[in-house]
Amino acid sequence: MAKPGRPGAAKGKKGAPKGTGGKNKRGLAGRGPTPKAEDRTYHKAYKQKQLAERAAAKRPQRAAAPRRRPNDDNEYVTGRNSVLEALRTKIPATAFYIAHRVEMDDRVKEMIALAKNGDVPILEVTRPELDRMAGFDGVHQGVALKVPPYEYPHPQDVLEQVVNRGETPLFVALDGVTDPRNLGAIIRSTAAFGGQGVIIPQRRSAGLNSAAWKTSAGAAARIPVAMAPNLTSIIKEFKKQGVFVLGLDGGGDVQMPDIELADRPLLIVIGSEGEGLSRLVTENCDQIVSIPISSATESLNAGIAASVALYQVSTMRQAQGE
């Protein structure tokens with residue numbers, strides 16, 4: 001007689017059950033990692049991603065931003081002439097500072113009126129605070145203007161604008177001039193003698209900071225300062241467009257009064273006071289010109305040399321135009 005089975009025990013033959021023979025291997029492999037929410041077609045995040053991509057495709061492309069020097073912070077234009085010219089030309093100032101109990105003359109009154117009309121906030125501050133804005137050895141004359149970092153146009157763009165206006169190009173390029181006060185003086189001379197722009201290289205050059213603004217006496221608001229990624233390349237491009245390049249150097253073959261290109265489109269290149277023009281720049285100039293000076297004077301600084309050269313070109317152009 002068979003023994004009664006244990007309640008709940010499995011019935012069948014003893015031994016290991018038969019395998020599947022690999023039939024369920026695909027199922028055992030799993031489905032892989034879970035996709036992100038934005039990649040799942042049924043998820044809310046997927047729909048939001050699709051809407052954002054469509055909106056971005058319809059949005060107009062922004063033009064490349066003008067060049068700026070790295071690590072530029074806001075600058076302070078100081079001095080009554082500089083601040084007044086900056087306000088007149090409506091540069092995008094963010095604040096106008098005026099000292100307590102400042103002496104009110106016609107220039108200050110016009111500054112206040114221009115700031116109000118241009119929605120520039122007017123803030124009254126102490127003179128020590130203005131001293132800090134002006135920096136070491138700076139002169140503020142009781143006023144300062146806070147402006148964003150200067151946005152340098154490309155030299156080719158400035159040249160194109162001059163040609164389109166029907167003017168004869170007259171540009172000044174700086175080769176290794178690192179003193180911002182020299183840059184400011186050159187900008188001022190360029191404006192005074194009919195030039196249309198100043199070109200600085202991206203490296204080894206002074207930038208348009210508060211010292212340059214101050215020295216330019218407001219001319220920086222009217223004369224564009226363009227930045228060249230490579231000065232030698234820009235010189236070559238200008239020459240292709242019919243601009244003659246004059247390099248100023250004490251050992252030049254031609255003295256300033258004897259130049260014959262004054263009535264042509266010109267780019268005058270000024271080197272540093274100590275080292276002069278670099279080799280590559282010298283090789284790409286059409287003519288190397290010297291300024292005759294007394295033997296007792298070793299050299300002229302960049303600002304004075306530029307002024308003399310621009311004055312000579314302006315005088316010769318006026319004489320030939322009569």
Side-chain angles (χ1 to χ4, degrees), residues 65-69 72-100 102-127 129-153 157-158 161-162 171-172 174 179-200 205-227 303 306-307:
R67 293 168 176 76
R68 293 182 180 179
R69 287 187 174 274
D72 268 349
D73 295 320
N74 287 313
E75 288 286 352
Y76 294 95
V77 180
T78 59
R80 299 194 179 189
N81 287 336
S82 301
V83 171
L84 181 56
E85 286 293 334
L87 287 170
R88 282 174 176 172
T89 53
K90 299 180 180 179
I91 65 171
T94 56
F96 171 55
Y97 299 93
I98 187 168
H100 290 300
V102 69
E103 181 183 351
M104 298 292 291
D105 60 8
D106 292 339
R107 289 178 297 174
V108 174
K109 292 177 183 177
E110 185 178 354
M111 290 179 218
I112 294 173
L114 289 170
K116 288 181 178 178
N117 293 336
D119 294 326
V120 179
I122 302 174
L123 305 174
E124 194 172 8
V125 296
T126 62
R127 287 190 175 273
E129 182 66 13
L130 284 173
D131 292 338
R132 184 190 65 79
M133 295 178 190
F136 175 74
D137 201 27
V139 180
H140 52 74
Q141 298 175 307
V143 292
L145 192 68
K146 186 178 182 180
V147 298
Y150 187 81
E151 296 183 343
Y152 300 88
D157 295 336
V158 182
Q161 294 169 4
V162 172
F171 286 77
V172 177
L174 308 188
D179 188 340
R181 290 169 295 186
N182 269 332
L183 171 60
I186 291 170
I187 295 171
R188 188 175 185 178
S189 297
T190 303
F193 297 116
Q196 298 104 347
V198 175
I199 301 172
I200 62 173
S205 175
L208 192 56
N209 59 16
S210 56
W213 268 104
K214 173 64 179 175
T215 312
S216 77
R222 303 189 305 275
I223 296 296
V225 179
M227 180 177 288
S307 298

> Which atoms form the tightest heavy-atom contact between Gly303 and Ala185, and what is the distance?
Replying inline: CA-CB, 4.4 Å
>> Is there a side-chain contact between Val102 and Arg80 in this structure, where contact means two heavy atoms from C-beta onward sitting under 4.5 Å apart?
In response: yes
> How far apart are the closest heavy atoms of Ile223 and Ala191, and which atoms are they?
Replying inline: CG1-CB, 3.4 Å
> With Phe193, which residues qualify under ring pair (Phe, Tyr, Trp, His ring centres under 6.0 Å), at least two apart?
Replying inline: Tyr311
>> Nearest 0.5 angstrom please: Arg188 CZ to Asn81 CG, how far?
In response: 7.5 Å
> What do the steps show when you test His100 against Thr126 for side-chain contact (heavy atoms from CB on, under 4.5 Å), and what is the final call?
Replying inline: CA-CA 6 Å; His100 290 300; Thr126 62; 3.8 Å; yes
> What heavy-atom pair brings Thr78 and Ala144 nearest, and what distance separates the two atoms?
Replying inline: CG2-CB, 3.9 Å
> Would you say the side chain of Leu84 lies within less than 4.5 Å of the side chain of Leu114, judging by non-hydrogen atoms?
Replying inline: yes
>> Measuring only between side-chain heavy atoms, which start at C-beta, is Tyr76 closer than 4.5 Å to Leu130?
In response: no
> Quick one: CD1 on Ile199 to OG on Ser205, what's the gap to the nearest 0.5 Å?
Replying inline: 11.5 Å
>> Just verifying a value: how many Å separate Met111 CE and Lys116 NZ, rounded to the nearest 0.5 Å?
In response: 14.5 Å
>> Rounded to the nearest 0.5 Å, what separates atom CG in Asn117 from atom CG in Leu87?
In response: 10.5 Å
>> Working to the nearest 0.5 angstrom, can you tell me the gap between Glu124 CD and Ile98 CD1?
In response: 7.0 Å
> With the threshold set at 4.0 Å, does a side-chain nitrogen-carboxylate oxygen contact exist between Arg107 and Glu110?
Replying inline: no
> Which pair of non-hydrogen atoms, one from Ala206 and one from Leu183, has the smallest distance, and what is that distance?
Replying inline: O-CD2, 3.7 Å
> Considering all heavy atoms of both residues, which atom of Arg181 and which atom of Asp179 are nearest to each other, and what is their separation?
Replying inline: N-OD1, 2.9 Å
> What is the minimum heavy-atom distance between Leu145 and Ala95, and which atoms define it?
Replying inline: CD1-O, 3.4 Å
> Gln196 versus Gln161: any side-chain heavy-atom pair under 4.5 Å?
Replying inline: no
> Considering only heavy atoms from C-beta outward, does the side chain of Arg127 approach that of His140 to under 4.5 Å?
Replying inline: yes
> What's the verdict on side-chain contact (heavy atoms from CB on, under 4.5 Å) for Ile112 and Met104, showing C-alpha distance, side-chain angles and the deciding distance?
Replying inline: CA-CA 10 Å; Ile112 294 173; Met104 298 292 291; 3.6 Å; yes
